[in-house]
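Since the structure comes first, as structure tokens, the remarks are kept for the end.
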Amino acid sequence: MTMFSVVVTALDAQGYLRECLESALNGAAADTEVEVVVVDNASTDASRAIIDEYAERDERVRAVCLPRRLPAGAARVAGAQQVSGDYVLFLEGHDSLMPDALVALARRADETGRPDVIVFDHVRSTWSDSAIGSGDGRLFIAPGSEVFTIETQQKTLNLTPTLANRVLRADFYAAHQELFGQDEYTEVLPAIGSLLAAERIAITDAVLVRRNAREVPLGEEGHFNLFPQYEALWKLLGSGPAMAEAARIVFSGMVRRYLKVLTLPGASDRHQAKFFHCASAHFLRYKPADYQRPANLNGVRHAMLERDSYSGYRALQLANRKRRSVRTLAAKARKKAAEVAKEGAYREQLRHPIEEDLAVFSAYWDRGVTCNPGAISAKLAELAPQIRQVWVVRRDDVPLVPAGLDYVVPGSHRYWSVLARAKYLVNNVNFPDSVIKRPGQIHVQTHHGTPLKRMGTDQIPYRATSRGVDYEALLERCARWDYSVSANRHSTETWSRAYPVPFASLDYGYPRNDLYYTATAEDVLGIRERLGIAPGKKALLYAPTHRDYEAAWTPRLDLERLAKTLGDDFVLLVRGHYFYDRGLSPLQELHRRELIIDVSGYDSVEELCLASDALITDYSSVMFDYANLDRPIVVFADDWVTYSVTRGVYFDLTEQAPGAVALSQADIERFFLDGGWRDAAAAAKRAEFRRRFCEFDDGNAAERVARHVFLGQEAVPPVIPLDQRVPAPTPEAAAAPYRPHR
């Protein structure tokens with residue numbers, strides 16, 4: 001039996017880490033065993049919490065938590081010190097093993113007599129393509145099925161230099177520890193060095209790993225780690241005609257990587273010059289006797305290195321950059337000529353200084369003062385009245401703006417002025433493409449729901465709903481985010497993966513949900529009175545979401561039949577989705593006949609939730625918010641199969657629902673007539689749902705965001721544990737003649 005030790009190094013990998021760990025733990029079979037050592041390399045996201053969760057529930061997982069960030073190689077060594085298996089496999093937290101990968105590796109190890117190294121193929125994954133070939137395919141043909149040494153198969157050194165495409169026999173790893181732990185920018189020493197040092201190498205063309213790794217930003221000096229790696233490699237390689245081809249391969253890869261570093265953005269000219277001179281020294285020291293310069297433009301770069309001519313290289317680089325810039329600007333100018341003409345005022349305003357006390361808010365594509373931005377705005381006015389707030393509101397929605405609150409209409413001259421000058425920009429969707437993120441501006445993305453349906457780049461495989469979406473433009477908009485507000489770890493991990501751009505997650509809760517903990521009995525009764533809900537009636541809020549595959553909304557429930565079946569004890573509050581026009585004709589007629597109360601035009605969803613005794617919904621994110629109230633929820637999932645297949649979902653709602661699940665109208669009616677909507681089984685489901693999805697919501701989310709973002713305070717009120725939170729009273733409790741003080 002073969003035991004594999006999988007060492008996973010995680011640095012801010014929350015969006016992929018669960019998939020990585022699951023792939024390793026589920027990859028063993030009857031004739032294989034696995035242990036997983038996970039190294040948290042001082043992550044700043046939720047990676048540590050995920051690692052602790054897995055270590056607590058699975059004895060095969062061991063956690064190693066580093067107090068400060070180490071170079072990638074040193075972090076791997078910290079994990080490898082804990083292993084006890086026959087073979088060691090190194091992954092990054094963004095990688096994942098293919099199904100049965102460990103089974104295939106165990107079989108290959110047995111077939112080849114337990115070699116020192118087994119190399120395999122891999123694919124890369126980006127937001128736009130989940131299966132980009134490694135380019136190594138042809139290299140797996142020549143070695144055949146037998147074991148070999150690098151002297152007999154020198155072209156194998158062209159394989160992608162990473163430790164994630166090989167397993168190492170544990171005693172081989174232990175005997176050559178000088179090859180491991182010294183790398184940071186890239187893994188050339190451990191990857192190429194392990195092939196040079198191995199006496200028995202086996203290979204398989206099976207694709208066993210998917211690589212989702214992203215480049216980790218390094219300080220300017222981090223890239224200099226390449227030089228000692230290559231110096232160690234050249235000592236290991238030696239000299240002589242027997243390894244002439246190997247020398248050419250290593251040299252070519254070395255120069256290619258040095259030139260790549262010189263193209264990376266952000267480095268100072270001083271840093272580039274220093275790196276260039278070191279690269280030139282290596283070029284001259286290790287140049288093979290039969291070296292031939294490439295004939296293309298790359299050959300010019302080689303010549304600059306060979307002559308140590310940084311000034312010449314810099315001139316060439318600037319000339320190429322200028323040509324690319326001219327072409328890019330010309331293309332953008334043609335594409336956005338109309339926009340530039342219309343938004344000339346914005347371009348002019350960008351020349352003015354940023355106003356440090358100005359904050360711009362918007363919600364739901366400028367539909368009004370609402371949702372998470374609205375809650376943050378209200379708390380900010382209380383905590384920091386010196387910050388001037390301006391809301392972006394469509395002309396038709398101006399009547400909804402509270403008295404005394406400053407606003408601008410999209411497209412107006414002042415609209416472009418405040419967008420250009422504001423220090424803070426807060427939205428629950430993205431600002432328009434034309435908005436430019438200026439140095440010093442802070443963008444806060446609050447989102448407007450917990451994701452059940454696939455979002456962002458996770459939606460790409462679902463062609464029915466992602467066709468026509470410009471994902472590059474989407475990611476350009478998302479790249480403006482400084483902060484992303486989250487209500488639970490599920491959302492935090494999902495946003496990290498669905499929007500693969502750098503931002504900091506504020507795991508503070510949804511500000512719009514604060515009301516569910518701060519509202520009083522008088523608030524609840526006052527809202528019900530405004531809505532016309534008679535005392536003693538059970539108010540059921542029906543709030544369905546939209547379907548991407550439907551052009552218009554038609555209620556999936558026969559609301560007239562439901563109202564008549566439930567009788568006078570119940571009243572239906574029906575809210576159509578905001579994507580459709582307010583004043584939906586089917587609802588207006590039922591409202592006129594007093595069969596339902598049409599609340600589609602009621603501005604605050606949170607107040608509707610407070611007024612209701614239970615929620616009926618399908619796949620709307622309102623269920624995640626409503627769960628904070630700890631009141632019954634019934635999920636109407638009559639088209640779940642169609643919805644989940646066409647839109648894509650993150651989990652099976654029918655299996656992990658916050659209450660009873662109805663697949664037909666008859667189910668809905670039965671639940672409310674026989675009590676199934678609020679029985680013990682429904683309550684148990686709701687409790688588990690609240691534990692998972694109401695994790696950070698406790699009534700203080702807006703304050704945490706306001707203090708952190710606008711006041712610069714790191715020490716914000718801690719999240720109150722779920723079992724210590726007191727939601728707003730139910731309508732029944734609020735109406736009781738004698739109520740204990742909350």
Side-chain angles (χ1 to χ4, degrees), residues 367-371 374-375 378 397 399-405 511-544 555 557 559-560 562-564 566-578 582-584 586-617 620 622-623 625-634 672 677-678 699 702 726-742:
R367 280 179 164 85
V369 181
T370 186
C371 193
D397 294 314
L400 299 175
V401 178
L405 190 60
R512 72 184 185 189
N513 293 341
D514 287 352
L515 189 60
Y516 297 143
Y517 295 96
T518 60
T520 65
E522 289 73 18
D523 294 329
V524 172
L525 295 179
I527 299 167
R528 285 173 68 92
E529 183 177 356
R530 290 196 295 275
L531 291 169
I533 302 171
K537 285 204 173 188
K538 292 284 188 289
L540 308 180
L541 174 60
Y542 175 43
L557 286 173
L559 296 172
E560 180 174 356
L562 181 60
K564 291 178 177 178
L566 297 184
D568 291 340
D569 290 339
F570 293 89
V571 60
L572 295 176
L573 310 177
V574 183
R575 183 180 180 85
H577 194 273
Y578 65 86
R582 299 292 174 92
L584 297 163
L587 302 185
Q588 286 180 328
E589 175 61 19
L590 294 173
H591 180 89
R592 186 187 63 79
R593 294 167 55 194
E594 298 185 353
L595 290 169
I596 68 166
I597 299 177
D598 178 11
V599 292
S600 298
Y602 195 89
D603 192 45
S604 172
V605 178
E606 292 75 37
E607 289 190 1
L608 296 177
C609 292
L610 285 168
S612 65
D613 294 89
L615 172 69
I616 304 172
T617 189
S620 170
V622 71
M623 76 179 84
D625 304 326
Y626 195 88
N628 282 284
L629 291 170
D630 199 16
R631 300 180 192 175
I633 302 173
V634 175
F672 285 100
W677 62 294
R678 56 178 181 180
V726 181
T730 65
E732 183 177 5
Y738 300 103
R739 296 187 302 270
H741 291 291
R742 292 180 66 234

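Numbers for residues simply follow the sequence, beginning at 1. Worth knowing before you read on, the calculation uses all heavy atoms, side chains too, and leaves out hydrogens, waters and symmetry mates. Remember, it's a predicted structure, so these values are computed and weren't measured experimentally.
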*Starting from the C-alpha separation in whole Å, work towards a yes-or-no answer on side chain to side chain contact (heavy atoms under 4.5 Å, CB included) for Leu557 and Val574.*
CA-CA 11 Å; Leu557 286 173; Val574 183; over 6 Å; no
*Might you work through the side chain to side chain contact (heavy atoms under 4.5 Å, CB included) test for Ser600 and Leu587, ending with a clear yes or no?*
CA-CA 9 Å; Ser600 298; Leu587 302 185; 3.5 Å; yes
*Assess whether side chain to side chain contact (heavy atoms under 4.5 Å, CB included) is satisfied between Lys538 and Arg678, documenting all intermediate values.*
CA-CA 12 Å; Lys538 292 284 188 289; Arg678 56 178 181 180; 3.6 Å; yes
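A donor-acceptor contact shorter than 3.5 Å links the side chain of Arg575 to the backbone of Tyr602.
Between Leu590 and Asp598, every side-chain heavy-atom pair lies at or beyond the 4.5 Å cut-off. Here the side chains of Leu573 and Tyr542 are not in contact, with every heavy-atom distance at 4.5 Å or above. Using a 4.5 Å cut-off on side-chain heavy atoms (C-beta onward), Val622 and Val605 make contact. Under the 4.5 Å side-chain criterion, counting only non-hydrogen atoms from C-beta, Val571 is in contact with Ile597. The side-chain heavy atoms of Leu615 and Met623, taken from C-beta on, include a pair separated by under 4.5 Å. Between Arg631 and Asp613 the shortest side-chain heavy-atom distance does not fall below 4.5 Å. Between Ile616 and Leu541 there is no side-chain heavy-atom pair separated by less than 4.5 Å. Residues Leu531 and Leu608 are in side-chain contact: their nearest non-hydrogen atoms beyond the backbone lie under 4.5 Å apart.
No side-chain N or O of Tyr516 forms a donor-acceptor pair with one of Asp625 less than 3.5 Å apart. If you check the side chains of Thr617 and Tyr626, you find no donor sitting under 3.5 Å from an acceptor.
Rounding to the nearest 0.5 Å places CZ of Arg528 at 13.5 Å from CD of Glu607. Rounded to the nearest 0.5 angstrom, Arg367 CZ and Leu400 CG are separated by 12.0 Å. The distance from the CD1 atom of Ile596 to the CG atom of Leu562 is 10.5 Å, given to the nearest 0.5 Å. With rounding to the nearest 0.5 Å, the separation of OG in Ser604 from CG in Leu610 is 7.5 Å. Ile527 contributes atom CD1, which lies 10.0 Å from atom CD of Glu606 (distance to the nearest 0.5 angstrom).
Nearest heavy atoms, Asp603 versus Val369: OD2-O, 3.9 Å. Closest approach of Ser620 to Ala543, counting heavy atoms only: CB-O, 3.6 Å. Of all heavy-atom pairs spanning Ala611 and Ala539, the tightest one is O-CB, 3.9 Å. For the residue pair Phe570 and Phe672, the shortest heavy atom distance occurs at CZ-O, 3.8 Å. Across every non-hydrogen atom of Ala728 and Leu629, the tightest pair is CB-CD2, 4.3 Å. The two residues Pro729 and Ala734 make their nearest non-hydrogen contact at CB-N, 4.3 Å.
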